[in-house]
Chemist: 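One structure is given below, represented as structure tokens, and several questions about it will come after.
Numbering of residues begins at 1 and proceeds along the displayed sequence.
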Amino acid sequence: SNNFPTMNPNTKAFARQQLQIESSNGSSNIGDLINKESLQSKINSWKFPYHFIDFETCQVALPFHKNQKPFTMLATQFSCHSLNEDGTIDHFEWIARQDNHDPSFECIEELYKVLGNDQGSIFMYSNYENYVLKSVKSRMEEFDKVHYSECLLFLDSITFSPNENKPERALIDLKDIVLKHYYHPSMKGSNSLKAVLPAIMQSSPFLKEKYSQPLTFGENLSGQIFFKEENGMVLDPYKLLPKIKSDVASSNAYFGELLADGAAAMKAFQLIQFSDIISSKEKDNLIDALKNYCELDTLAMLMLFEHLKYLLNKS
């Protein structure tokens, strides 16, 4: 990999735009660019096990549950891949079933069971998970501060607000890590995880070797292959998710054969919770699709870390 250009905070955005221009017009032979010393320093501060988390959420104008305000942020699902120091990988998940209660509190309680037993670093992609946790935390405090005291202490230890000192175990934003330490022209100017993932898959011998084999871990995706090429191009892993099992044609009307983005996930949750136009079997199929999608989100974060670590170690 080439050396990442030295940037100060005021010129960082401009420098990335300049890299994008140079790579798109062919004036520079740019492959993976990495800010090695700074990235290594960051990684040195992280603690095992590394927990990569992702939420699915739902907000609606007309509340689903009693005493709820419009557009309340519901935490409906999480996935967590945990990378242990010995290289083994665990996966944990939780998803709301059809219920008359706000699922957010149970979601946080289940997350606490996964993350509350160690001091491992916790990673998100963008600030979204921090925002969701803070939103649920404020409702927990209003509802029953005593009952949820352990969860609230846990949330205090990992969440933060702008312009305040972060707690020692504050959530780490992998998107911010990418912005400050990594660039590849195949990202085409986007830093979203769904743009970064195909780019790193295209350029990484490590990911090619590992993920062209059936996955050996995970709750739902074990046995799946996520590195496939067609006409010399690596296929988007999200296009390789298992197709939705369809007993009733209605699921295809909403999603086609795949559930592969956040908007579709939100629509699927609404159907599972409150629709009477699809069967219970069809709802089970949508739950399976949601589990697959959310699990790939955190697998993608793990893949990103693995690629960055590969770049650091190869020279």
Chemist: Distance-only, no hydrogens or angles: does the S149 side chain make a donor-acceptor pair with backbone N or O of V146 under 3.5 Å?
Modeler: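 Yes.
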
Chemist: Does Y238 have K194 sitting over its ring (NZ/CZ under 6.0 Å from centre, angle to axis within 45°)?
Modeler: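 K194 over Y238 ring: yes.
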
Chemist: Can you find a heavy atom in the side chain of I108 that is under 4.5 Å from one in the side chain of M140?
Modeler: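 They are in contact (side-chain heavy atoms under 4.5 Å apart), so the answer is yes.
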
Chemist: With side chains defined as the heavy atoms from C-beta onward, is the minimum distance between F226 and L299 less than 4.5 Å?
Modeler: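 F226 vs L299: side chains touch.
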
Chemist: Would you mind checking if E168 and K47 are paired as a salt bridge, meaning a charged N to carboxylate O distance below 4.0 Å?
Modeler: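 Here K47 pairs with E168 in a salt bridge, since their nearest N and O are under 4.0 Å apart.
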
Chemist: Would you say the ring centers of Y125 and F123 fall short of 6.0 Å from each other?
Modeler: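 No, too far apart.
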
Chemist: Counting C-beta onward and ignoring hydrogens, is there a side-chain heavy-atom pair between P242 and L221 closer than 4.5 Å?
Modeler: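 A side-chain contact exists here, since the closest heavy-atom pair is under 4.5 Å.
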
Chemist: Does any non-hydrogen side-chain atom of F160 lie less than 4.5 Å from one of N127?
Modeler: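 With C-beta onward as the side chain, the pair touches.
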
Chemist: Out of E295, E93, E56, H91, which one pairs with S79 under the side chain to side chain donor-acceptor pair (under 3.5 Å) rule?
Modeler: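 Running side chain to side chain donor-acceptor pair (under 3.5 Å) over E295, E93, E56, H91 with S79 returns exactly one hit, H91.
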
Chemist: Between H307 and Y182 (judged by ring centroids, cut-off 6.0 Å), do the two rings come close enough to count as a pair?
Modeler: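 Yes: the rings meet the under 6.0 Å criterion.
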
Chemist: Before giving the answer on side chain to side chain contact (heavy atoms under 4.5 Å, CB included), spell out for L115 and F154 the whole-Å C-alpha distance, their side-chain angles and the decisive distance to 0.1 Å.
Modeler: CA-CA 9 Å; L115 303 178; F154 164 67; 3.7 Å; yes

Chemist: In the structure I gave you, are the side-chain heavy atoms of F92 and H51 within less than 4.5 Å of one another anywhere?
Modeler: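 They are not in side-chain contact.
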
Chemist: Is there any salt bridge (Lys or Arg N to Asp or Glu O under 4.0 Å) pair reaching into residues 120-137, and which pairs are they, with sequence neighbours excluded?
Modeler: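 For residues 120-137, and leaving out neighbouring residues, the salt bridge (Lys or Arg N to Asp or Glu O under 4.0 Å) pairs sorted by first residue read K137-E141, K137-D156.
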
